**Q** 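I'd like to ask some things about the structure below.
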Amino acid sequence: MRSRQVWIGCLIIAGAVLALWFLSQRDSPIDVVQPGTSSNAPSVHFTGIKMLINSPDGKPRYRLLASGYRLYDEEQRSEFDLPEITLYDSEGSRIYARALRGEAHNYTSVIVLTGDVRINRSKLDTGPHPLNITTDTLIVFPEEQRASTDSAIKATLGSQNFSSHGMSLDLNSKVLLLHSNVESIYEP
């Protein structure tokens, strides 16, 4: 019984080290690959993960929660079930993103969220009204404090409803750029 507990502990530590190493790869070139499924068994599998990544000055940079995590080492790919990502800027502002699924490639911190993606920014960070955005796919660049999509989005900010085909959101500059086919409805 004791040796089983030691083995389980070793597997958990090894998986955590691999997950943190994968998230720490900052300067690698980014190739965003479309999400897929693997016929291979994962090298590492965890349930109920929580990762907090700090900046060099010790302040939180981003947090990742997921109900499940699988690392496919041979494919250099990680999968997340029900991921929730929180990006923090230096002033403590936050952007929350959650989805049904997440995936990262080549041991980078870039995460592709797919399926019922929801992005929220609290009213403390956007003025008197929260910002809520929904889309099908979102690419999150946590180290750069930004997110983007080429998919259609729908958003609300107070009594404003707008839609666009694609967007870029930058937490550092606090800019939301709508790419094309922008439509807006303002209801007083």
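We number each residue from 1, following the sequence as shown. Remember, it's a predicted structure, so these values are computed and weren't measured experimentally.
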**Q** Is there a path of hydrophobic side-chain contacts, each under 4.5 Å between heavy atoms, that joins Met51 and Tyr62?
**A**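 As far as the 4.5 Å side-chain criterion goes, Tyr62 and Met51 are connected within one cluster.
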
**Q** With rounding to the nearest 0.5 Å, note down the distance linking CZ in Arg63 to CG in Asn54.
**A**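 Nearest 0.5 Å value for the CZ-CG distance: 12.5 Å.
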
**Q** Which residues pass the side chain to side chain donor-acceptor pair (under 3.5 Å) test with Asn181, sequence neighbours left out?
**A**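 Side chain to side chain donor-acceptor pair (under 3.5 Å) list for Asn181, sorted by chain: empty.
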
**Q** In terms of relative ring orientation, are Phe46 and Tyr69 parallel, tilted or perpendicular, with 30° and 60° separating the classes?
**A**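 Phe46 vs Tyr69 ring planes: parallel.
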
**Q** Closest approach of Leu138 and Val117, non-hydrogen atoms and distance?
**A**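 For Leu138 and Val117, the tightest heavy-atom pair comes out as CB-CG1, 3.7 Å.
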
**Q** Could you tell me which residues satisfy side chain to side chain donor-acceptor pair (under 3.5 Å) with Ser168, sequence neighbours excluded, listed by chain and number?
**A**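 If we apply the side chain to side chain donor-acceptor pair (under 3.5 Å) test to Ser168, skipping adjacent residues, the hits are His179.
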
**Q** In chain order, what residues pass the side chain to side chain contact (heavy atoms under 4.5 Å, CB included) check against Ser164, with sequence neighbours excluded?
**A**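 Partners of Ser164 under the side chain to side chain contact (heavy atoms under 4.5 Å, CB included) test: Ile153, Leu178, Val182.
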
**Q** Tell me, please, which residues at least two apart from Asp116 pass salt bridge (Lys or Arg N to Asp or Glu O under 4.0 Å).
**A**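 With sequence neighbours excluded, Asp116 shows a salt bridge (Lys or Arg N to Asp or Glu O under 4.0 Å) to Arg118, given in chain and number order.
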
**Q** Should Leu113 and Arg101 count as side-chain neighbours, where that means a heavy-atom distance under 4.5 Å?
**A**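 Heavy-atom side-chain distance check fails, nothing below 4.5 Å.
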
**Q** Tell me every residue that passes side chain to side chain contact (heavy atoms under 4.5 Å, CB included) with Arg70, counting only those two or more places apart in sequence or in another chain.
**A**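 Only Pro42, His45, Tyr72, Glu79, Asp81 meet the side chain to side chain contact (heavy atoms under 4.5 Å, CB included) criterion with Arg70.
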
**Q** Quick one: OH on Tyr96 to CD on Glu84, what's the gap to the nearest 0.5 Å?
**A**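 These two atoms lie 10.5 Å from each other.
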
**Q** Between Arg77 and Glu103, is any pair of side-chain heavy atoms under 4.5 Å apart?
**A**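 Contact flag for Arg77/Glu103 side chains = yes.
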
**Q** To the nearest 0.5 Å, how far apart are CZ in Phe141 and CG in Leu169?
**A**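 So the gap between those two atoms works out to 12.0 Å.
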
**Q** Could you measure the distance from the CD1 atom of Ile53 to the OG atom of Ser109? Nearest 0.5 Å is fine.
**A**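 So the CD1 of Ile53 and the OG of Ser109 are separated by 8.5 Å.
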
**Q** Is Leu65 linked to Val44 within one hydrophobic cluster, defined over Ile, Leu, Val, Met, Phe, Trp and Tyr using a side-chain heavy-atom separation of less than 4.5 Å?
**A**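 The answer is no; the residues belong to distinct hydrophobic clusters.
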
**Q** Decide yes or no for Ile119 and Leu131: does some side-chain heavy atom of the first lie under 4.5 Å from some side-chain heavy atom of the second?
**A**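 Side-chain contact under 4.5 Å: no.
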
**Q** May I have the step-by-step check of side chain to side chain contact (heavy atoms under 4.5 Å, CB included) for Arg61 and Gln145, ending in yes or no?
**A** CA-CA 8 Å; Arg61 181 170 286 169; Gln145 302 290 292; 3.4 Å; yes

**Q** Would you say that Leu87 contacts Val140 through its side chain, given a criterion of any heavy-atom pair below 4.5 Å between the two side chains?
**A**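 Leu87 reaches Val140 side chain to side chain.
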
**Q** Run the numbers on Phe162 and Thr156 for side chain to side chain contact (heavy atoms under 4.5 Å, CB included), then give the verdict.
**A** CA-CA 6 Å; Phe162 51 95; Thr156 59; over 6 Å; no

**Q** Before you tell me yes or no, could you show the steps for Ile133 and Leu176 under side chain to side chain contact (heavy atoms under 4.5 Å, CB included), namely the whole-Å CA-CA distance, both residues' side-chain angles and the distance that decides it to 0.1 Å?
**A** CA-CA 11 Å; Ile133 301 170; Leu176 171 64; 4.2 Å; yes

**Q** Name all residues meeting the side chain to side chain contact (heavy atoms under 4.5 Å, CB included) criterion together with Glu183; count only those two or more places apart in sequence or in a different chain, and write none if there are none.
**A**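 Residues passing side chain to side chain contact (heavy atoms under 4.5 Å, CB included) with Glu183: Ser163.
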
**Q** Keeping Ser78 on the side-chain end and Leu71 on the backbone end, is there a donor-acceptor pair under 3.5 Å?
**A**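 Looks like no, no N/O pair under 3.5 Å.
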
**Q** Could you give the distance from CD1 (Ile85) to CD1 (Ile111), rounded to the nearest 0.5 Å?
**A**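 Here the interatomic distance stands at 4.0 Å.
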
**Q** Any chance you could measure Ile95, atom CD1, to Tyr88, atom OH, to the nearest 0.5 Å?
**A**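 Spacing of CD1 (Ile95) from OH (Tyr88) equals 12.0 Å.
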
